[in-house]
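Remember, it's a predicted structure, so these values are computed and weren't measured experimentally. To find a chain, count down the sequence lines: A is the first, B the second, and so on, and within it residues start at 1.
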Amino acid sequence: MPELPEVETIKNELAPHITGRWFTSITICDAKPLHGLSVEEFCHKLVGQRIEQLKRRGKYLIFQLSNGEVLIIHLRMTGALLLNPERTDRYTRVMFGLDDGNQLVFTDRRRLGVIWLAEEEQSVVGKLGPEPLASEFTANRFASLLQKRQAPIKAVLLDQTFVAGIGNMYADEALFLAKIRPLRKANSLSNQETRALYQAVQDVLTQAIRNKGASIDTYKRPGGENGTAHFSFRVAHRGGKPCPNCGMPIQRIPIRNRGSYFCPNCQKL
DNA sequence: CTTGGGACCTGGCTGC
DNA sequence: TGCAGCCAGGTCCCAA
């Protein structure tokens, strides 16, 4: 499930291979991901465009094109971008041919991924909150934002207009590190808890980027390799297994229809 | 404005 | 062996 660390890894590993290249052919196997554009429009507008830069914003990948427009891809749950995969399969959705003979392939088992071609980047990612690892996102800003919200802290961390890029796995991991129960109301956190959570978010995301993302489900890096961040997970996707701190079984409860994993002993109400 | 619930989408897994 | 039902969750849409 690509969250910020996974998308950051894809950007980092793809950029050296595709920056400066241009699109020579597009093959659409499934038009569903194309947002608001026909197959003909999409191919016609994209072929011939040079990739000036590859960027990430939240969980979105942004290809800056030579005509000033942007190609934006959101992988959602099961999307992947593979460089020259050995073979394609029934989950192959779009194939992008590049001028050096390389091929960038978008695959997506559950067909939830979305591809935009837009004149203005902000029309797609304009509502996103701050980048959690950017210097502007300070502990004080985090604290003042939290005070305005009374939803469960887990739900607030997942709100992309609050902060961009945190998904279900890393929200659970950060709340565990900060010893905060996911159902706690955001504005009920003490100053100490708020600072601990801020630091936990930074640590969890930074460490996961270092480990090239978490291959819990279908996440693959562009070369087809798995990430290793999931080997460090303490609670995420570990329902019933012992807490690494105290040994008590990790619980799972639904919050906003998302599985939330926590230690009932270490994470206080 | 915030909050919460359902829909989308498909495959792996479990239990009967 | 078959099949129903749960689980996975990022985002949009809608109602309160």
No-H, no-angle donor-acceptor pair, A:R258 side chain to C:dA8 base, under 3.5 Å: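 A donor-acceptor contact between them is absent.
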
Under 3.5 Å donor-acceptor pair, A:R111 side-chain atoms to B:dC9 base atoms: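 Between B:dC9 and A:R111, which were checked side chain against base, a qualifying N/O pair under 3.5 Å is absent.
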
Which residue, A:K212, A:R56, A:E13, forms the side-chain contact (heavy atoms from CB on, under 4.5 Å) with A:E8?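 Running side-chain contact (heavy atoms from CB on, under 4.5 Å) over A:K212, A:R56, A:E13 with A:E8 returns exactly one hit, A:R56.
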
Taking the ring of A:Y170 and the ring of A:F233, is the distance between their centroids below 6.0 Å?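 Judged by ring-centre distance (under 6.0 Å), A:F233 and A:Y170 do meet the cut-off.
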
Under 6.0 Å between ring centres: does that hold for A:F176 and A:F262?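 They do not qualify: ring centres at least 6.0 Å apart.
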
Near DNA chain B, counting only heavy atoms under 4.0 Å, which residues of residues 163-184 of chain A show up?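 Result for residues 163-184 of chain A: none.
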
N or O in side chain of A:R109 less than 4.0 angstrom from B:dG11 OP1/OP2: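 Indeed not, no polar side-chain atom of A:R109 lies that close.
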
At less than 4.0 Å, is any side-chain N or O atom of A:H237 found next to OP1 or OP2 of C:dC7? Yes or no.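 Negative; the distance criterion is not met.
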
Separation of atom NZ in A:K148 from atom P in B:dT3, rounded to whole Å: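 The distance from NZ of A:K148 to P of B:dT3 comes to 12 Å, rounded to the nearest Å.
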
Taking atom types as modelled, is there a side-chain donor on [X] or [Y] under 3.5 Å from an acceptor on the other?
{"X": "A:K45", "Y": "A:N67", "result": "no"}
{"X": "A:T78", "Y": "A:D108", "result": "yes"}
{"X": "A:Q192", "Y": "A:R195", "result": "no"}

Within the 4.0 Å heavy-atom criterion, would you say A:P152 contacts the bases, only the backbone, or no part of the nucleic acid?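 Sugar-phosphate, no base atom in range.
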
Which part of the nucleic acid does A:M1 contact within heavy-atom distance under 4.0 Å: base, sugar-phosphate only, or nothing?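 Sugar-phosphate contact only.
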
Which of the following nucleotides, B:dC9, B:dT3, C:dG10, is nearest to the side chain of A:E3?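 In terms of side-chain proximity for A:E3, the closest of B:dC9, B:dT3, C:dG10 is C:dG10.
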
Partner set under salt bridge (Lys or Arg N to Asp or Glu O under 4.0 Å) for A:E52, not counting sequence neighbours: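 For A:E52 the salt bridge (Lys or Arg N to Asp or Glu O under 4.0 Å) partners, ignoring immediate neighbours, are A:R50.
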
Angle by which the axis turns from one end of the helix from B:dT2-C:dA16 to B:dC16-C:dG2 to the other, five pairs per end, to 10 degrees: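 Between the axes fitted at each end of the helix from B:dT2-C:dA16 to B:dC16-C:dG2 lies an angle of 50°.
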
Given that A:Y91 and A:V156 both sit by DNA chain B, which one's nearest nucleotide is further toward the 5' end?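 On the 5' side of the pair lies A:V156.
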
